[in-house]
Amino acid sequence: TAFNYDSSANTDDGSCVAVVTGCTTSVAFNYDSSANTDDGSCVAVVSGCTDATAFNYDSSANTDDGSCEAVVTGCTASAAFNYNSSANTDDGSCVSVVNGCTDATAFNYDSSANTDDGSCVAVTLGCINPSAFNYNSLANTSDNSCVAVVNGCIDATAFNYDSSAN
């Protein structure tokens, strides 16, 4: 039966139009402009990212809306030492923050530290043996200058003067 069948006509004038089924709703995702008979197959438009390789791929979308975001791998834990604010996909590379002295020339340098905490202490050379004659309470690193205590008289005018005493 033609789309425009007229039961009252008694002569074919060549104006018959074939039935073409499909979606006739113009705002549907699968609108068929050649269809003249709706077959109930219309699918609503669902906007979203249709790129399956994108970070925000939407498998339910059938119309790309330009919102696709590239996958950026990195550390996504904001408390980590190597946090990457641009990353949207964690790659397992996060490194915990280790506070300590990161100055390799400091007395208390910590090679395991990755975040300086302001605790660095400058190297102060001197004698660090508290029983030595020249003990330096401010020194933190030995310079091998310690002198042993030698008891005796250090008054050069005394009869028992000991030149090796200090």
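We're numbering straight along the sequence, starting at 1. These numbers were taken from a predicted model, which means no experiment stands behind them.
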Heavy atoms only: give me the nearest [X]-[Y] pair and the separation to one decimal.
X      : Y      : result
Thr141 : Val123 : OG1-CG1, 3.5 Å
Gly22  : Ser41  : C-OG, 4.1 Å
Val71  : Ala54  : CG2-C, 4.0 Å

Considering only residues two or more places apart or on different chains, which pairs with a residue in residues 51-84 satisfy disulfide bond (SG atoms under 2.5 Å apart)?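 Applying disulfide bond (SG atoms under 2.5 Å apart) to every pair that reaches into residues 51-84, excluding sequence neighbours, yields Cys49-Cys68, Cys75-Cys94.
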Disulfide bond (SG atoms under 2.5 Å apart) contacts touching residues 106-143 (sequence neighbours left out): Cys101-Cys120, Cys127-Cys146
Got a sec, which residues hit side-chain contact (heavy atoms from CB on, under 4.5 Å) with [X], two or more places apart in sequence or on another chain?
X      : answer
Val149 : Phe133, Asn151, Asn166
Ser59  : Tyr57
Val17  : Phe3, Asn4, Asn36
Ile154 : Ala165

One should read off an interatomic distance between Leu125 CG and Phe107 CZ, to the nearest 0.5 angstrom, of 11.0 Å
Between CG on residue Leu138 and CG on residue Asn136, distance to nearest 0.5 Å: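 The CG atom of Asn136 is 5.0 Å from CG of Leu138, to the nearest 0.5 Å.
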Please name all residues satisfying side-chain hydrogen bond (donor to acceptor under 3.5 Å, both in side chains) with [X], sequence neighbours left out, ordered by chain then number.
X      : value
Ser145 : Asp143
Asn144 : none
Ser137 : none
Asn84  : none

Mind jotting down which residue pairs meet the side-chain hydrogen bond (donor to acceptor under 3.5 Å, both in side chains) criterion with at least one end in residues 90-101? Sequence neighbours excluded, please. Thr76-Asp90, Asp91-Ser93
Determine yes or no for a side-chain-to-main-chain donor-acceptor pair under 3.5 angstrom, with Asn140 supplying the side chain and Ala122 the backbone. yes
Other cluster members, Ile128 - Ile/Leu/Val/Met/Phe/Trp/Tyr, side-chain contacts below 4.5 Å: none
